[in-house]
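Written below as structure tokens is the structure these notes are about.
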Amino acid sequence: MKLGIVGKGGVGKTTISSMIAQIYAGRGDRVLAIDTDSNPNLALSFGLDAAQADEVPLLPRSVVVGSGDGALTPAELVKEYGHRTDSGVMLLHAMRVTQAGAGCTCGSHASVRSILGAAIEEEADVTLVDMEAGLEHLSRSGGTLAYADVLLVIMEPSRKSILTAGRTIQLAEELGLHRVYGVGNKANLPEDAEFFETVCAEYGVPLAGIVPKNADVFESDRAGTILTPGHPKQVWDAVGQIVAFVDDALVATG
């Protein structure tokens, strides 16, 4: 499965991405997690410190994965640029902006698209892409996530966030992506659950699940550390239900 995680900035994409990846890895799946943020932080959510994160190999711009002259095979990609984390997830840094005026990241987006279009299942049962904030990955020529099987749009309990999710679904459908679901995050329950359900229905956003707001998640984000698997229980349970929803959606839609 190829899973894209998208949404507005600050909604919790990276935290949810790392938890989903760890759940799949914990059940024995080979997981490749690709951080496409120009300021990558997914490594911290897998337990690496800042110095270790900076040492993760960076995928060169315009690398092509697949067939043809100069292209890397999926095995070569993982061996040369992958970093095995303690959680069992293989991490790949697709882009990083370290210099002002360094130019656009179009080549890096094309590389991610080629990874998803290649036979990456030879090396990974689950390929998860933590996308940078915004909608550019759907508007670029060809669409960075055009080969994804499922998109999860992470949302805060705000109308603007859900409106963005509705726009994301429209763009995804134009690319031929039809398994696109919203995930409510940072929810004060039960009132925010009702808000998500009402406003998502208004904007045509099918809900895969709702993750409760929790102080331990906030502290982990602030410290830049990994969340202990299984704690806080209500958050991990909610993300586990989202993973089950994705699995069921894949089965139901073939």
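Since this is a predicted model, take the numbers as computed values, not measurements. Excluded from the calculations below are hydrogen atoms, water molecules and symmetry mates; all remaining heavy atoms, backbone and side chain alike, are included. Numbering starts at 1 and runs along the sequence shown.
Scanning all heavy atoms of the two residues, the minimum distance from Gly4 to Ala148 falls at N-CB, 4.5 Å. Contact record, Tyr147 with Leu116: CB-O, 3.5 Å, taken as the closest heavy-atom pair. Between Gln22 and Pro229, the closest heavy-atom pair is OE1-CG, 4.1 Å. Closest approach of Val89 to Ala21, counting heavy atoms only: CG2-O, 3.8 Å. Here the shortest heavy-atom pairing between Ala208 and Tyr181 reads CB-CB, 3.8 Å. Heavy-atom minimum distance, Phe195 versus Pro157: CE2-C, 3.5 Å.
Atom CG of Leu42 sits about 11.5 Å away from atom NZ of Lys13, to the nearest 0.5 Å. Rounding to the nearest 0.5 angstrom, the gap separating the CD atom in Glu156 from the CZ atom in Phe196 is 8.0 Å. For the atom pair CG of Asn41 and CG of Leu48, the computed distance is 12.0 Å after rounding to the nearest 0.5 Å. Interatomic distance, Met90 CE to Thr127 OG1, rounded to the nearest 0.5 Å: 11.5 Å. The NE2 atom of His93 lies 11.5 Å from the CD atom of Glu55; values are rounded to the nearest 0.5 Å. To the nearest 0.5 Å, atom CG of residue Asp35 and atom OG1 of residue Thr14 are 6.0 Å apart.
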Give the intermediate values and the outcome of side-chain contact (heavy atoms from CB on, under 4.5 Å) for residues Glu173 and Val180.
CA-CA 8 Å; Glu173 288 180 345; Val180 188; 5.6 Å; no

Give the C-alpha distance, both sets of side-chain angles, the deciding distance and a yes or no for side-chain contact (heavy atoms from CB on, under 4.5 Å) between Ile34 and Leu59.
CA-CA 10 Å; Ile34 306 175; Leu59 190 68; over 6 Å; no

Is there a side-chain contact (heavy atoms from CB on, under 4.5 Å) between Ile242 and Ile23 once you walk through the steps?
CA-CA 11 Å; Ile242 291 164; Ile23 288 172; over 6 Å; no

Steps toward side-chain contact (heavy atoms from CB on, under 4.5 Å) verdict (Arg179, Asp149):
CA-CA 7 Å; Arg179 301 186 193 97; Asp149 298 307; 4.1 Å; yes

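In this structure, the side chain to side chain contact (heavy atoms under 4.5 Å, CB included) partners of Asp29, at least two apart in sequence or on a different chain, are Tyr24, Arg27, Val31, Asp125, Val126. With sequence neighbours left out, the side chain to side chain donor-acceptor pair (under 3.5 Å) criterion links Arg159 to Glu202, Tyr203. For the side chain to side chain contact (heavy atoms under 4.5 Å, CB included) test, residues two or more places apart in sequence or in another chain that qualify with Glu80 are Leu72. A search for side chain to side chain contact (heavy atoms under 4.5 Å, CB included) contacts involving His231 returns Asp216, Thr228, not counting sequence neighbours. In this structure, Lys160 has no side chain to side chain donor-acceptor pair (under 3.5 Å) partners at least two apart in sequence or on a different chain. For Leu189, the side chain to side chain contact (heavy atoms under 4.5 Å, CB included) test picks out Ala187, Ala193, Ile210, Pro212, with sequence neighbours left out.
Counting only heavy atoms from C-beta outward, the side chains of Leu92 and Ile115 approach each other to under 4.5 Å. With contacts defined as side-chain heavy-atom distances shorter than 4.5 Å, the pair Thr253/His178 does not qualify. The shortest side-chain heavy-atom distance between Pro206 and Ile169 falls under the 4.5 Å cut-off. A 4.5 Å side-chain heavy-atom check between Glu123 and Leu77 finds every atom pair outside the cut-off. Inter-residue side-chain proximity for Val211 and Val217 is flagged as unmet; no heavy-atom pair is nearer than 4.5 Å. Residues Asn185 and Val11 have side chains not in contact (no heavy-atom distance under 4.5 Å, counting atoms from C-beta outward). Using a 4.5 Å heavy-atom cutoff, the side chains of Val205 and Met155 are in contact. Between Ile5 and Leu3 there is a side-chain heavy-atom pair separated by less than 4.5 Å.
Cluster membership for Ile226 and Leu44, using ILVMFWY side-chain heavy atoms within less than 4.5 angstrom, is not shared. Residues Leu227 and Phe218 fall into different hydrophobic clusters, defined by Ile, Leu, Val, Met, Phe, Trp and Tyr side chains chained together at heavy-atom separations under 4.5 Å. Taken together through direct or relayed side-chain contacts under 4.5 Å among Ile, Leu, Val, Met, Phe, Trp and Tyr, Leu177 and Met131 form part of one hydrophobic cluster.
With salt bridges taken as basic N to acidic carboxylate O contacts below 4.0 Å, none links Lys79 and Glu76.
In this structure, Asp49 contributes its side chain and Gln52 its backbone to a donor-acceptor pair below 3.5 Å.
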